[in-house]
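Below is one structure, written out as structure tokens; comments come after it.
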Amino acid sequence: MTELPKAYEPTVVEEKWQSRWMNEGCFHADPHSAKPAYSIVIPPPNVTGVLHMGHVLNNTIQDILARRARQEGKEVLWLPGTDHAGIATQARVEKELAKENPPRTRYDVGREDFVKMVWEWKNKHGGIIIKQLKKLGCSCDWERERFTMDEVYAPEVARVFAELFKEGLIYRGRRMVNWDPVLCTALSDEEVEMTPTHSKLYTIRYKLADGSGQLLVSTTRPETIMADVAVAVNPKDPRFGHLVGKTVIRPLVEKEIPIIADEHVEIDFGTGALKITPAHDRTDFEVGMKNGLEIIDILTADGHINCPDCPELHGLDRFVARDKSIELIDAKGLLEKVEAYDNNVGLSQRSGVPIEPRLSMQWFLKYPCVKEAADAVANGDIVFRPARWAKTYAHWLEGIQDWCISRQLWWGHRIPVWYRKDKAAALQEATKLDAADMAAGDIYVSATPPADPENWVQDEDALDTWFSSWLWPFATMDKECLAKFYPTSDLVTGPDIIFFWVARMIMAGYRFADGKKPFGNVFFTSIVRDLLGRKMSKSLGNSPDPLDLIARYGADGLRFGLMRIAPTGTDVKFDEKQIEEGKNFANKLYNAARFRMMQGEATTEPAPKFAPVHIDILSKLKELHATVADALGKYEFNTYTQALYSFFWNEYCSLFLEAVKNDLREGEPAVKNATLFTMDTVLRHYLALLAPIMPHITEELWQSLGFAKKHNDLPLMSTPLPCPCSLLGGMDETDISKARALTTALYETANRARNLKAEYNLATNKNVKFVVKPGALPVDADLAARLALLAGAKETVVDAAYEAPKGTPTALTPFGELFLPLEGLVDVEAERARIGKQLEKIDKEIMKSNAKLGNSKFVDHAPAEVVAQERERLADWESKKAQLTAMLTALA
RNA sequence: GCACGGAUAGCUCAGUGGUAGAGCGGCUGUCUUACACACAGUUGGUCGGGAGUUCGAAUCUCUCUCCGUGUACCA
């Protein structure tokens, strides 16, 4: 007998197996393997990141796919790594500098030393999340861990840049971009979040220069009035037609500015007149260009007013200046009114502050292979799951805009462009740079720095982080790996980065990896929310720490609990109770295994003598194989998890084990042997099916149950999935279904028996005697004994001639009438009432059924089997009614 | 504004035309020698509202309400 603790303790077990798997190289992919390939690249978390629930969900799914693929005999590469996350990482180190005494900025340190500091920080503190992923049990090939700025990856980024530049797809220009005044960098359109905001709408009087009146102009941004260069009205607006061509006085830094006509102005909005401020508004900029207007920039890069002509505002923060400017205008008597106004303000996803539209010199990319990328998803070359994301994806591609790829950062891939020293100043101001400049030798664009660096000046900017991560599926792999594992099989990621990452990877794949798609399937996970439906976030403090959850419930418990509630189509509301379920399940599994270990070895002699209950559970196990394969094939992870849960807890533990316990104590050897054999078979197959989602506990039990020995002591994760074909091999299908019918009847009868006991307030542990007066199904000694065990009875007597004393509680079962003789303890009246109640229920069902079958339309239109089913049901109720009525008369 | 998703038991969720389900929670028993992280029993629902299609609707169609997400414009 094995001495084991009563409760499963995951911590030690999980650490043990994690290190053993790694030491034995179980996760390592062999590109020379003859096995078919299966590959996933991890969505690289930020190197500054710590594990959150989204990662747990995402990586558990990837681990399930990877581990299952290994069991299916595939050579698996799950390639891990981290993203350098330009802004986040740079900000992290700048924060450290600001804490110093005296505080420093990156400018105090200087570019070269600052970048060195970030590397130091990264090497010391970065990649915590990698350790955390290991604690979750992720079976990544850690020997192949990549970083988006490492020595292998960085040249790829530069190479791609140079190629796209030569192709004319990357260009530089002075454009209106999204400017983050806190981070002082340009951002892409995707990094701006339009946010509903309570603002104020100011209506201001612009006096006509000829003194003939005034024009009311509404604005939310009075602090930019000094940069107004015109007022526009719609050419079709009858109210203002006569004013076009006249001039008004700009209220701050007074100056005559023209009234122009432009169709962009909406007649119905506000006053119908719009101030044109080309330097500080995207559409105003366009209007300005169209009409040849001047551009007056009155904001600094960090969002302060730069307008010496207006000393009252000069140097003020843009929001302080907003209030101040209104005071000034009001003082001049030019403020008409101030109204509350709800509008959408673009906020920086990075710093959270309102974006400034700003004219600046930036690098842009015209996306390559847009059509290939759109077609691939449209025609199913790349499958999105759930499929509806394909629509979102297609919509984005249709309206795709050039991507601003330069960032005014120091941490990241520096733009691989050099300007000839003597011309650098001029070139950096040039709005157009192209291959001609390269030919002239004025600029140098390449993955390798110029041979004579002293003659060149490199571009100051760095690339958007996503400009490196869009190469992730292939830039992470060496030649051998590419040959074996590219394109990758599945990508598992959140729908929030469908544009940032997924779409761009598809384009990059077609353009840079031999025209091949980067992956075959994309599985978009749900987003984990809190119980109020809010996104998990640090600031709300509603995000549980996965490591804490692992400590309390085990990694297996966390994985199982989360997957059980992760629907495929919608978001998950996270409830810690569900994780507790995962832990409880692990404990159940552990105890079931412990129970088996207490029974000793199965013998080879005598040959197992299967009872219906054995055949039943083995047949269900066979079905479980199919359910699991089907669910995983369809990426239905909650179905997979739920099927595993209910098979084990309900079918195996609650029913089967309870029905066979006596075999182990006092059964004849052949029956005992059949039970041990069946338990072993179920556990062996089941552990393998469960292993992808609960890798640690299954590995531990595989070992302690002795299954590993039969497989050369291989860890379970390296053992091929047992074939369901071996289950009940050679047994006739009709015999199997006969056994299953008997077993179902047994379990149902046991339920009825328990109900009877409960109804008569007999404690579960009270030993009673049941009498079965058999009906249609045969009840042999085996079934009778198991029934007694399941019902918590001393014995079950099968007696066809049994005459129940008046008032004996009875129930109808698939095995016939079931009696619970209590020797006159029962009140006849109470019993009569009980049966009467049952009869009422049955009468209702009969009425329903009769109504249905009496409806000729139902009988004519419904499929034959549905009608037959209904008839059967009715017959069933009728016979039950007859029996109950007979009992009732017997009572009298 | 447009698009997409969701609304089923107190909670978290299954259930795509044929007798409304699971787990948790609640309540009642039980330390029955694998498991009290458990066992047995039990209580919970006009399937968001309305209309339609159908013999039959949680399921299909339309519409409304509420919640969520994406996207566009906003002076």
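Letters go in sequence order (proteins before strands), and every chain restarts at 1. For the numbers below, each heavy atom of this structure counts, side chains included, while hydrogens, waters and symmetry mates do not. Please read all numbers here as calculations on a predicted model, not as lab measurements.
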Strictly by Watson-Crick or wobble contacts shorter than 3.5 Å, is anything paired with B:rU71, and which nucleotide is it? B:rG1
Counting side-chain heavy atoms from CB outward, which of B:rC11, B:rA34, B:rC37 is closest to A:Asp575? B:rC11
A:Val866 side chain, from C-beta outward: closest of B:rA38, B:rG18, B:rC24: B:rG18
Give a yes or no on whether a donor-acceptor pair under 3.5 Å exists between the nucleobase atoms of B:rA34, that is its base, and the side chain of A:Lys661. yes
With the side chain of A:His861 defined as its heavy atoms from C-beta on, choose the nearest nucleotide among B:rA40, B:rC4, B:rC55. B:rC55
Given the P atoms of B:rG68 and B:rC13, what is the spacing between them in whole Å? 15 Å
Measure from the side-chain heavy atoms of A:Met598 and tell me the nearest of B:rA34, B:rA3, B:rG41. B:rA34
Integer-rounded Å distance: B:rU12 P and A:Glu581 CD: 15 Å
With rounding to whole Å, what would you report as the distance between B:rA40 and B:rC55 at their C1' atoms? 42 Å
Aromatic ring centroids of A:Tyr686 and A:Tyr652 under 6.0 Å? no
Out of A:Gln578, A:Glu581, A:Lys583, A:Glu576, which residue meets the side chain to side chain donor-acceptor pair (under 3.5 Å) rule with A:Tyr553? A:Glu576
Looking only at side-chain N and O atoms, does A:Arg754 come under 4.0 Å of OP1 or OP2 in B:rG41? yes
What's the closest nucleotide to the side chain of A:Lys852 if the choices are B:rG18, B:rA14, B:rC24? B:rG18
Check the phosphate of B:rA38 against A:Asn584, side-chain N and O only, distance under 4.0 Å to OP1 or OP2. Yes or no? yes
Classify the side chain of A:Glu658 versus the base of B:rA40 as yes if they form a donor-acceptor pair under 3.5 Å and no if they do not. no
Quick one: A:Gln642 CD to B:rG23 C1', roughly how many Å, whole number? 7 Å
Name the pairing partner of B:rU53, where a pair is Watson-Crick or G-U wobble with both distances under 3.5 Å, or state none. none
Among the candidates B:rA38, B:rG41, B:rG18, find the nucleotide nearest to the side-chain atoms of A:Asn751. B:rG41
Of the listed nucleotides (B:rA36, B:rC73, B:rC4), which one gets closest to any side-chain atom of A:Glu266? B:rC73
Can B:rG41 be described as syn, meaning its chi torsion is within 90° of 0, or is it anti? anti
Rounding to a whole Å, what distance do you find between A:Phe574:CZ and B:rG68:P? 21 Å
Taking a pair as Watson-Crick or G-U wobble with both distances under 3.5 Å, which nucleotide is matched to B:rC13? B:rG21
Relative to the 5' end of RNA chain B, which residue comes earlier, A:Tyr645 or A:Val345, by the nucleotide with the nearest heavy atom? A:Tyr645
Check this for me: does any side-chain nitrogen of one of A:Glu190 and A:Arg504 sit under 4.0 Å from a carboxylate oxygen of the other? yes
Please confirm whether the backbone N or O of A:Glu872 pairs with a side-chain atom of A:Asp876, one donor and one acceptor, at under 3.5 Å? no
Given that both distances must come in under 3.5 Å, which nucleotide forms a Watson-Crick or G-U wobble pair with B:rG45? none
Does A:Phe858 have A:Lys852 sitting over its ring (NZ/CZ under 6.0 Å from centre, angle to axis within 45°)? yes
Assert yes or no for the condition that the ring centre distance of A:Trp396 to A:Phe499 is strictly below 6.0 Å. yes
Of the listed nucleotides B:rA34, B:rC55, B:rU12, the one nearest the side chain of A:Phe858: B:rC55
Please check the phosphate of B:rC39 (OP1 and OP2 only) for any side-chain N or O of A:Trp649 closer than 4.0 Å. yes
B:rU43 and B:rG21: how far apart are their C1' atoms, nearest whole angstrom? 16 Å
Taking the C1' atom in each of B:rG45 and B:rA36, what is the distance between them to the nearest angstrom? 30 Å
Strand partner of B:rC35, provided both Watson-Crick or wobble distances fall under 3.5 Å: none
Proximity to the side chain of A:Arg529 - top-ranked nucleotide from B:rA36, B:rU69, B:rC37: B:rU69
When the nearest nucleotide of RNA chain B is assigned to A:Glu845 and to A:Lys391 on a heavy-atom basis, which residue is associated with the more 5' position? A:Lys391
Using the P atom as the reference point in each nucleotide, state the distance between B:rU71 and B:rA14 in Å, no decimals. 25 Å
Listed nucleotide nearest any side-chain atom of A:Cys653, set B:rA34, B:rU71, B:rG5: B:rA34
What about A:Lys6, does its side chain sit under 3.5 Å from the base of B:rC35 through a donor-acceptor pair? no
Under a 4.0 Å N-O cut-off, is there an ion pair linking A:Glu878 with A:Arg873? no
Rounding to an integer number of Å, can you tell me how far A:Phe524 CZ sits from B:rG5 C1'? 15 Å
